[in-house]
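Everything below concerns the one structure shown next.
Sequence lines set the chain letters: A, B, ... in the order given, protein chains first and strands last, and positions in each chain run from 1. The analysis underlying the following values was restricted to heavy atoms, covering all of them including side chains, and did not include hydrogens, waters or symmetry mates.
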Amino acid sequence: DEKASTNDTTAGTGGAAQTTAAGDTTAPKAGGIIKAAGGAPSAASATLDPVLINDGAGLTLLSQVGQFLAVSQQDLTLASSLATKWTPNADGSEWTFTLNPAATFSDGAQVTAADVVASIERLLNPDNTSNSLSAFATGKLSPGGVTALDDGTVLFTLNGPMGNFPYIVSSDNYNSIILPASVADTTNFAADVMSGKIATSGPWTIGSYDATTGIKYKPNPKYWGTPLLLEGLEYIFYTDPAAQVAAFQSGEVDALVKFEVAGGESLLDNPDVTVYELKSANHRQIHMRCSEGPFADKRVRQAMAMSLDRQTMIDGLFQGKASIANDTPFFDVFPSSGDRPMATFDVNKAKALVTEAGGGFDATLYGINYFEAPDLAVLLQNAAKAIGINLKIDLRGDYYDVNWVRTYDPSVAGSDIGITDYGHRGVPDVFLNAPLKSFKSVDDGAGVWNAAEFANAEYDAAVDVYSASSDLQSQKAAAEKIQAILTDEVPMLIPYNINYLAATKTKVAGVVPTAMGHFFTDKASKA
Amino acid sequence: MSTPALEFRDLRLAYVVRGQAREVLRGVSFEVQPGETYGLVGESGCGKSTAAYAAVRYLPRNARILSGEVHVAGRDVMSLDRNQLRELRANNASIVYQDPGQALNPTIKVGPQLIEAFRLIGLNKTESLARAREMLQTVQIADPDSVLGRYPHQLSGGMQQRVIIAMALACSPQLLILDEPTTGLDATVEAEVLDLVRGLRDEFGTSVLFISHNLGAIRSMCDRVGVLYAGQLVEEGSAQEVFDQPQHPYTVGLLRCLPRHGSRQSAQRLETIPGFLPLLGAELPTCVFVDRCPLATEKCRTEVPSWSSHVGRLVRCHHVDRVNELVAAELPMGTPTVVDRSGPPLLVLDGVSKTFQQGGQLIKAVRDVSLVLHPGETLGLVGESGSGKTTLAHTVLGLHDPDQTNSIMFNGSPLSGGTRRRPPDQVRGIQIVFQNPDSALNRRHSVRRIIGRSLKRLAGLSTAEVEPELHAITAAVRLTDRHLDMRPSQLSGGLKQRVAIARSFAGKPRIVVCDEPTSALDVSVQAAILNLLGDLQRDRSTSYLFISHDLRVVRYLSDRIAVMYLGRIMELGPAERVFDGPHHPYTEALLSAAPSVEGEHRERIKLSGEIPSAVNQPSGCVFHTRCPRRLDGDICSTVEPELTPTPDGGAIRCHIPFDLLGGQPVDVVPHRGRVP
Amino acid sequence: MTTPATDEPSINDPDVTAGVSGSTPDTTIQSVRHELRRQLFRSKTFIIGSMLLLFWAFAAIAPGVLTSHDPSQQDPASKWIRPFFRDGHWLGTDRFGRDVFGRAIFGAREIMIIAPAAVVLGTTIGVVLGLAMGYFRGKLDDLVSRVIEALMSLPVILVALLALTSLSGGRLTIILLIGFLFGPVIARTIRAAVISERDLDYVRAAELRGERSWYIMFVEILPNVFGPIIVEFTVRLGYAVFTMAGLAFIGFGTQPGSPDWGRTIYDERSSLLSNVWWPSLVPAVALASLVVAINLVADAVQGLVDR
Amino acid sequence: MARYVLRRLSQTAITLFILSVVVFAVSAVLPGSVGRAILGPFAEQASVEKLNSDLGVNGPLLSRYLRWIGGALRGDFGDSYKFRAPVMDFIPAALFSSLKLALMTLVIVVPLGIIGGTFAALRQGKATDRVITISGLTLAVTPEFVVGILLILVFAVKLGWLPAGGSARGSVANQIKVLILPSLTLTAVLFGYLSRMARAGAIEALASDYTRTATLKGLPRRTVLLRHVLRNSLLPTIAVIASQMSYLLGGLLVTETLFNYRGLGLLIADSARERDIPMLMAAVFIVGALAMMMMLLADLLIAWLNPRVRLGGKR
Ligand SMILES: Nc1ncnc2c1ncn2[C@@H]1O[C@H](COP(=O)(O)OP(=O)(O)OP(=O)(O)O)[C@@H](O)[C@H]1O
Ligand SMILES: Nc1ncnc2c1ncn2[C@@H]1O[C@H](COP(=O)(O)OP(=O)(O)OP(=O)(O)O)[C@@H](O)[C@H]1O
Ligand SMILES: [Mg+2]
Ligand SMILES: [Mg+2]
């Protein structure tokens, strides 16, 4: 069956070789320290508490010490890690995971089912307000849903069929690292790992950690996987991307965990730099409010979609390091996406549609003002202008200041059109639910970020079918239906999904970044 | 003969203003012999300072030497290179100028600044220190060591000037240049400084170039004087002769501008010199004085008079033979003002005191002053700087609150403290003419506006009524309508003062306070202003409270005189008596301090010590610390004397009985200047 | 008998003949104004400064005349054309292929509107405050001085940062922000000037006319502190321009796409690392030239005012 | 002097109080849900509300202020939202690094500014003067992030002589290496203002009577300049250095971010982005207080250098 484990039984990440790696020819040499530059963990992630971590920086750091049942690889297929295989029941509403008997924690203890139960239940417990709750909601796993059949096998009982469930307990759901059952409290995770109070199973343990400046890892002496080549691993935190690039160029650091094309151009064609380019589901959504306002008319939304010259956008913003997306979360990275009709670029048709719908108008384009969003906003503005829609740009510090989503707070105005960013996921489910499903209530996870106020029963049904289907064929079928609806209704524009970019000096080999933001170094070496 | 210490050889010097060279010194030639003191007089702007600085070649960037030479100790100053010039300044010539306060570096102690000068002439530290100490003693500073350790601002103006003189004499220079060294200092202090210079000159045999506005000082100091006009010497000769029988019309005019000894405003007007100093750099193929000369003829307009010798001195005039035509005309006295003493006095001060609070210290600026002022009367207020004259005046005006209310009665009703609290008629009733017209007139307002506003506010006229009144009053102060649209900056000092006077008279005041109204003006201008004040008083029988340092002026103008010391009135009485005595020892000292142009030389009564500060005043008689007639025993130092009435209706604050007080001016002693 | 005995002013009184004898400097206000103007136009600094100023002012009013390029016209094909004068792009193009020179020209407007407006506001606040503080002294002065010190001790950019998070960055916001930040600073200078003025006798004279405080402050004193005011105004203008750029750094200010200099410099700065200097340095130079121009004029004016 | 010192001290106390109010007021009006900002978009609303109440961000303003200032007086600025630890665990270190940077900058810029300014004054109106003034001005108005990046590009990336940033740790030599580029960036910005002030001061001193006296004494030009001119022209320069202090500290925000130099500036930038309000308030308040102290120090120094003030008024 599709989701059963690959025969790859090697521990750790089992990552495939880097895609665009330049010089990993010579036999890797042991020793050395890699210094990597990355952002500082956000407020929630500051103590590296696996329960709360909610950003790329946090998960990058966490995944050096903690391990998951399975690892979502660069090609977004699952490789085994702490679990060697996983099998669903007939309808995919129950999943059985078999643990790797070799796996041990840094205190030497074996990784048992009890540990898994404890770790996952900790995340499920609403009182812990874990960042992963929404993921588990999508995964249809509720408190009490995890049981240990014996020391080596764990049973996940879901509220319903869920084909992509293994991803929910893989590195994709980066909170779900497995810790000893004995661990009661993770609020001071970093400190406790440093002091040995919390044992972890990953290749590294924490040598020193300063939430403002950086972290130093030291090898896990009792590491159960293939021995490390590096002597040490170090992360330095940066606030300003430009500063990161500068530091990398001038050789203060050997690796950039992640960098943007804007500002990183100089790295792209640089002989002594290895650039890792990974397909990812990282994208921007430009929602258009369907319930009221100038965009309520479907034709206007369709016109907006047609007004975008996506290829040019990609070239302009990312020097081609992104893929065209069709205003749906089914990106070419997802196996389930199937083959899709390409979005058309047709200004005249768009103009016509706008005129049909009652002619041009003014509107305010809200949005985040980090990443390339400001530039995107300018591009949108230009495109819209071409079809008679005048967008006034108003980008705020970040999404939640402005509350232009009414789901949480009906009193706020909401917004007709706005840009926000969605990070990478291994499966489209979150994208399909949070921002698109009809919003009922905050507690019922569906549609909580539905800024477009898109409410379409047909769509909701289609999504349910998709989530339920556990085999690729049926997923593809459901996906096509969903795409049909979205490309017709166009509740949101998704012009592109951005390739994930990481870089190392060529003397560094064997690191495995993932589009999610992991930066696996268990096989890394430095010449 | 020996080489002169300083020699100007037909020096022509110009300042470049907006690309044009404007001639300031138009061929000046004179020499100062070794040991001689040469005086340079002339009204403001005629080029005195320029000459002085030319002598040490310290000239502004825009100065140009057109022709001629300056020699100091036989060396051509203009041809020296930087180092030679430095040495010349360090060893041969020193200069002392106005405003000693500015001339010393505020952030360096006196010691180092003085020692610097000695180090320059190659002494080592210890020697320099020793010499510095000596030098301070030579300039009569009592405790040199403490002074050496002080900062300039901790010294009085007199002391500062002494230090600077000490510094100047450090290198025992052949030439000492004094550019108005005593302007801004008190008469008493001035007299001391001059005595000092005189002594040192004799002691060191230094040659001195002495520049001053004060003709009296010049006469008492100098062997020879040169009269500078518009950058040309017009007369030169021995001080005595030049002052006693001036040969050039300008010199004559200059001397006649001064109130003559004992003359009174009510008796005769002062003479003035009409017209103006020619513009800087004006083309003058004529006699420079021609525009203002009563003797001017066609010849004067066409020919430059020669620098020719005449009755033993050099004069630059075509009509030297006709000067005696310029006999002092007895100017017709206007009908003298009748001081109405019959009625109630206009202003009554009854024990007025004013104490300032400053940084926790109490400054008793005015103590228990009682006065009366009658309609049409002029009360002169004299006293050294800091004696409280201005404060008293300002208190009367309501710019300060007196310590105790209702101590001032105006026209029978009590004056409340602040101006704002006074009814309009009281406000307009008392006005003031300030000392410095530059700060007294708003530089951004036109004359019309300045006077007009006062007419509106004080005379309470409507905009329509203002215009005619405006013309009337400007005419009254001898201004023409043309002046109305000018800004103060476009007016000469005298004109400014006229505007100020017009303003204060706008509301037909009963009393006008004049706080040293002419001390910033040249003598010729001063004369005109004094005349004007006299006329106005005659026409409007206004009362004046007239404050001045210049006793001569006070006497000329005042009916009665009050002498202040440390905020107290020491003496009060009719002008004649206060001047001719018997008078208070302090008054006596003040009088003796003022050198006179007539050249009669009283033995100066030296006042020992400094003026005590207004903060901690001496016990007993506040003057006892300096009093030359201090009584034996300690009564003076313990008991404060009452202000005891005198027969002539005045009063004196002294323990010495009235009839025993110094009667006639101290007997005249021979002139101390030496004729070369 | 030649000695004038009559009291005919024009003969006897020295001063009266002023102007007649031509011995006082030029005499009418007009001629003085004229003189000042002549002085100004003599000074090289002023000429150069005002030339530059005029240029930018013109750019702000009629940018279209100076460049044919639409500042927001994108052309992906011609991204990052190098200077100079290639493919009709004087100073090259930025990452969207927009004409750098064109954007610099159009960028002038934002600053030429905001900076003066902000400084006018600041100066008004400063003058009123300064006059009141300087004239009344005492408690009011003390208190306000403290507040001013407090404000001044906070770096502009920090206050902006704090304000930014609560306000939305529109033109008006920036004008208000800069205005209120500069007001106190200017007030300090004006206060000092007023204090030295209020000791002059013409203020006494006004009090002796029983004038109201406001009259003394605004009619008597104000004209006499124009000097410092003008200087402050021009100098602050420089600071304002610079501050705006700083605000762009913390994302405060004009919205993306606007050719505003500060914004552009900030947006394009990262491409410096790829040796693409022109998109950020051109506006930077424009900025500098404007501020320098303002200061040149300021110096010239100050030079005159000081006389 | 003592009286003067006392007065200035009491004034500073008042100012500090006002500052605290200002800082609190501005921070208090920050909109948006703190909890949401911390927990992120996908956190459950319940979690957000729980956190908000934990942080006590909903209380009445006055009591919140009193709590804050009360703590502040005891040196306790509360716990950082982000690090869940006392703010004071982070600020001292950051402050120390910032001071290092500031010091280094001053060490470079002060002599440079004074020399440049005085030199310009001596050549007043000449070409040298213009060059110094205008170039200073130009540097002053070129944003730090441009100057900084150019410096990095040249000295770190191209030449590789100096590090492109990082925190000053380890050996003094190393620290200095790290500090050079950032402090040069700040120097570029400050030089203009400083030299301008120094110039003005020198021009005034040069025109003064005491300088004339010194010259006419026959002192060598050098002595006149060093002993008499400079000595007096320094006072205003010191004043401006102090008043520029707040400016310098402001510059830290940009510069430290650019050079990833972990000082107060960067801390403030981060805290602002992360809504770590207690941290932000503390940092900003401390920066303000610091600037204020500098002004105070400068005033006292000036007073002390100026005998008039030190020894009280005339006689
Ligand atoms: N640097 C200068 N540039 C242009 N004109 C100047 C300059 N210095 C002085 N003057 C003018 O030159 C004339 C002579 O000046 P000077 O100071 O020598 O006169 P003075 O006799 O000393 O006057 P006073 O008695 O007021 O000191 C005055 O009209 C003055 O305005
Ligand atoms: N506003 C003030 N505050 C404090 N002390 C003052 C004030 N005005 C005057 N004084 C002090 O009061 C005393 C008298 O000053 P005042 O100016 O009245 O003397 P004066 O006779 O007018 O001196 P001068 O002849 O120099 O004008 C001086 O010691 C002065 O320092
Ligand atoms: Mg002079
Ligand atoms: Mg006085």
Does C:W90 CH2 have over 12 foreign heavy atoms under 6.0 Å away? no
Which bit of A:L317 is near chain C, if near means a heavy-atom gap under 4.5 Å: side chain, backbone, both or neither? side chain
Residue by residue, scan residues 379-387 of chain A and write down, ordered by number, those that have a heavy-atom distance under 4.5 Å to chain C; if none do, write 'none'. A:L379, A:N382, A:K385
Could you report the tightest heavy-atom contact between A:S266 and C:S274, atom names first, then the distance? N-OG, 3.6 Å
With a 4.5 angstrom heavy-atom cut-off, is it the side chain or the backbone of A:Q319 that approaches chain C, or both, or neither? side chain
Taking atom NZ as the centre, does A:K505 end up with more than 12 heavy-atom neighbours from other residues, nucleotides or ligands that are less than 6.0 angstrom away? yes
Sequence neighbours excluded, which residues qualify as ring-ring contact (aromatic ring centres under 6.0 Å, His included) partners of A:F295? A:F361
Testing the basics here: between A:P374 and C:R263, what is the closest heavy-atom pair and its distance to 0.1 Å? CB-NH2, 4.1 Å
Write out, in numerical order, the residues from residues 103-127 of chain C with a heavy atom short of 4.5 Å from a heavy atom in chain A. none
Sorted by chain and residue number, the side chain to side chain donor-acceptor pair (under 3.5 Å) partners of A:D346 (sequence neighbours excluded) come out as none
Can you tell whether the side chains of C:R95 and A:D375 come within less than 4.0 Å, N to carboxylate O? yes
A quick test of your reading: do over 12 heavy atoms of other residues, nucleotides or ligands sit less than 6.0 Å from NZ of A:K349? no
Residue among A:K392, A:E265, A:M313 with most heavy-atom pairs under 4.5 Å to chain C: A:E265
